Amino acid sequence: MTVVINMRDGPDEGKIRIAARFILEGKLVAFPTETVYGLGADALREDAVRRIFEVKGRPPDNPLIVHVASFDDLKKVARDIPPEAKLLARRFWPGPLTLVLPARDEVPRVTTGGLDTVAVRMPAHPIALALIKASTPLAAPSANVSGRPSPTLAEHVADDFYGRIECIIDGGETPIGVESTVIDLSSEEPTVLRPGGLPIEEIERVLGKLEVQVKAKGVARSPGMKYRHYSPNARVVVVEGKGERVREKIRELIEEYRSRGLKVGVMARYRYDADGFFNPGRTTEEVARNLFRGLRELDKLGVDVIIAEGVEEKGLGVAVMNRLRKAAGGRIIRV
Ligand code: AMP
Ligand code: MG
């Protein structure tokens with residue numbers, strides 16, 4: 001049975017206590033963060049964390065992010081915290097930045113996917129912070145079945161997990177809409193492992209030019225990089241380029257797919273005549289916020305193909321294109 005708790009008006013002490021009790025009993029609670037919804041369990045409890053992997057169908061070597069609410073929490077899960085970590089945490093926490101650090105032995109290796117490092121962040125969402133403070137640091141990946149688009153609304157979580165987890169906290173839409181930026185501080189050079197809700201440019205303003213390693217070449221430093229991701233049921237095709245040429249290409253593709261008897265959905269900022277249409281918004285911030293919702297809504301219309309318009313790779317656009325490319329599994333058309 002799944003208890004859905006309405007907290008759209010913000011954290012409520014009594015309701016937080018109910019959710020925290022589930023966590024302390026080793027159960028699963030989906031909760032909103034400023035990035036996407038997380039599927040949370042007591043990060044220090046092996047049996048609870050194991051269930052996250054089971055219900056998501058997540059490969060056991062793909063580690064989870066531990067969500068903390070204080071610097072004391074951070075010291076409970078990470079050791080040998082380097083000065084860069086302190087600098088970044090002081091500047092960007094709470095916020096959409098995950099730091100990979102050496103893990104304490106107290107953190108079960110189920111949580112870290114078998115690694116000796118742990119990924120940690122402090123979410124900037126009042127409900128997430130209240131839940132962690134009322135319980136314990138939470139291991140929480142995105143609250144979607146592995147491989148599907150991440151959830152930005154409680155309805156998305158329910159679509160994937162209703163009846164299979166104990167509790168969903170409905171806190172309305174998540175404001176950023178893409179997952180956190182992950183940076184590895186456990187080895188010599190700070191390295192960005194995943195672009196996300198905090199633009200890389202902002203981190204570089206603190207640390208200087210950064211190495212960015214988001215493509216899995218050989219052994220992936222971030223295990224999540226090697227898996228299929230963010231994919232709706234429909235096949236996704238991304239069209240990248242400038243202005244009128246993109247519009248022409250999208251129109252051409254719509255016709256081509258339809259002539260083959262396929263149902264076509266389009267996610268773009270201009271309206272197209274197709275079987276489904278979703279406008280993710282004008283600014284990169286809006287596109288980030290609406291991206292996963294668009295993929296899920298077009299999927300619900302039962303389209304066979306989703307044609308998605310690319311965005312400029314600046315600021316949050318880097319994270320958006322990273323998610324779109326993965327959703328498309330390499331089907332990118334540049335015009
Ligand atoms: P998700 O929980 O779905 O947002 O995914 C978490 C991301 O963080 C995945 O891409 C993981 O591979 C990455 N990650 C988590 N822990 C580590 C770690 N200890 N070392 C490297 N990458 C990590
Ligand atoms: Mg995920």
Side-chain angles (χ1 to χ4, degrees), residues 28 30-41 43 49 52-53 55-68 74 77-81 85 96-105 107-121 123 125 128 137-152 156-157 160-161 174 176-187 189-198 211-216 219-232 288 291-292 295-296 319 322-323 325-327:
L28 303 187
F31 62 97
T33 78
E34 81 280 30
T35 60
V36 301
Y37 274 80
L39 181 59
V49 173
I52 294 180
F53 286 89
V55 307
K56 273 190 66 108
R58 185 174 174 108
D61 64 347
N62 192 359
L64 307 179
I65 294 170
V66 176
H67 293 67
V68 299
L74 169 65
V77 296
R79 60 178 170 79
D80 303 332
I81 299 167
L97 176 67
T98 296
L99 308 177
V100 174
L101 298 166
R104 284 204 178 281
D105 292 340
V107 183
R109 289 312 183 251
V110 189
T111 304
T112 67
L115 299 171
D116 291 332
T117 51
V118 61
V120 193
R121 88 174 186 101
H125 194 294
L138 299 178
S142 51
N144 52 278
V145 168
S146 209
R148 304 237 318 129
S150 299
T152 58
H156 299 159
V157 181
D160 283 17
F161 292 129
T174 55
I176 294 178
V178 290
E179 301 85 345
S180 60
T181 303
V182 179
I183 180 164
D184 183 3
L185 298 175
S186 70
S187 44
E189 273 290 289
T191 306
V192 175
L193 300 179
R194 174 177 76 181
L198 182 69
E211 192 188 328
V212 180
Q213 189 192 343
V214 295
K215 280 205 194 84
V219 180
R221 289 260 294 276
S222 188
M225 292 193 286
K226 61 183 192 237
Y227 295 109
R228 183 173 164 269
H229 252 109
Y230 317 119
S231 313
L291 174 73
F292 290 130
L295 293 175
R296 281 181 178 259
N322 170 271
R323 307 310 188 265
R325 290 210 181 92
K326 289 198 177 177

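Note that ligands are numbered from 1 as they come in the structure, with each ligand's atoms numbered from 1 the same way. Predicted model, so just to flag it, every value in this text is computed and none were measured.
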*Asks:* What atoms of ligand 1 come within less than 4.0 Å of a heavy atom belonging to Arg194?
*Replies:* 1 (P), 4 (O), 5 (O), 6 (C), 7 (C)
*Asks:* Is the Mg ion (ligand 2) less than 2.8 Å from an N/O/S atom of Ser146, whether that atom is in the backbone or a side chain?
*Replies:* no
*Asks:* Would you kindly say whether Arg194 and Ser180 are connected by a side-chain donor-acceptor distance under 3.5 Å?
*Replies:* yes
*Asks:* Under 4.0 Å from a heavy atom of Leu193: which atoms of ligand 1 are those, numbered in the order shown and with their elements?
*Replies:* 21 (C), 22 (N)
*Asks:* Under 3.5 Å, is there a donor on one side chain and an acceptor on the other for Glu179 and Ser142?
*Replies:* no
*Asks:* Could you see which bit of Lys56 sits under 4.0 Å from ligand 1, with heavy atoms only: side chain, backbone, both or neither?
*Replies:* neither
*Asks:* Quick one: closest heavy-atom pair of Ala43 and Leu138, and the distance?
*Replies:* CB-C, 3.9 Å
*Asks:* Do Phe31 and Tyr37 have ring centroids that are under 6.0 Å from one another?
*Replies:* no
*Asks:* Please list, in number order, the atoms of ligand 1 under 4.0 Å from a heavy atom of Thr117.
*Replies:* 18 (C), 19 (N), 20 (N)
*Asks:* Under 4.0 Å from a heavy atom of Ile65: give me the atoms of ligand 1 that qualify, with their elements.
*Replies:* 6 (C)
*Asks:* Under 4.0 Å from a heavy atom of Ser142: give me the atoms of ligand 1 that qualify, with their elements.
*Replies:* 2 (O), 3 (O)
*Asks:* Check Asn62 against ligand 1 and report side chain, backbone, both or neither, counting heavy atoms closer than 4.0 Å.
*Replies:* side chain
*Asks:* I'd like to check whether Thr112 has a polar contact with ligand 1, where a contact means an N/O of the residue lying under 3.5 Å from an N/O of the ligand.
*Replies:* no
*Asks:* Run the salt-bridge test on Arg109 and Asp116 with the 4.0 Å N-O cut-off and return the result as yes or no.
*Replies:* yes
*Asks:* Tell me which one of Pro63, Pro141, Ser150, Pro59 gets a heavy atom nearest to atom 16 (N) of ligand 1.
*Replies:* Pro63
*Asks:* Give the atoms of ligand 1, by number and element, whose distance to some non-hydrogen atom of Ala119 is under 4.0 Å.
*Replies:* 15 (C), 16 (N), 17 (C)
*Asks:* What atoms of ligand 1 come closer than 4.0 angstrom to any heavy atom of Leu115?
*Replies:* 18 (C), 19 (N), 20 (N)
*Asks:* Would you give the length of the straight line joining atom OG1 of Thr98 to atom CG of Asp184, rounded to the nearest 0.5 angstrom?
*Replies:* 12.0 Å
*Asks:* Assess whether side chain to side chain donor-acceptor pair (under 3.5 Å) is satisfied between Ser150 and Arg323, documenting all intermediate values.
*Replies:* CA-CA 10 Å; Ser150 299; Arg323 307 310 188 265; over 6 Å; no
*Asks:* Side chains of Arg296 and Thr152: do they bring a donor and an acceptor to under 3.5 Å?
*Replies:* no
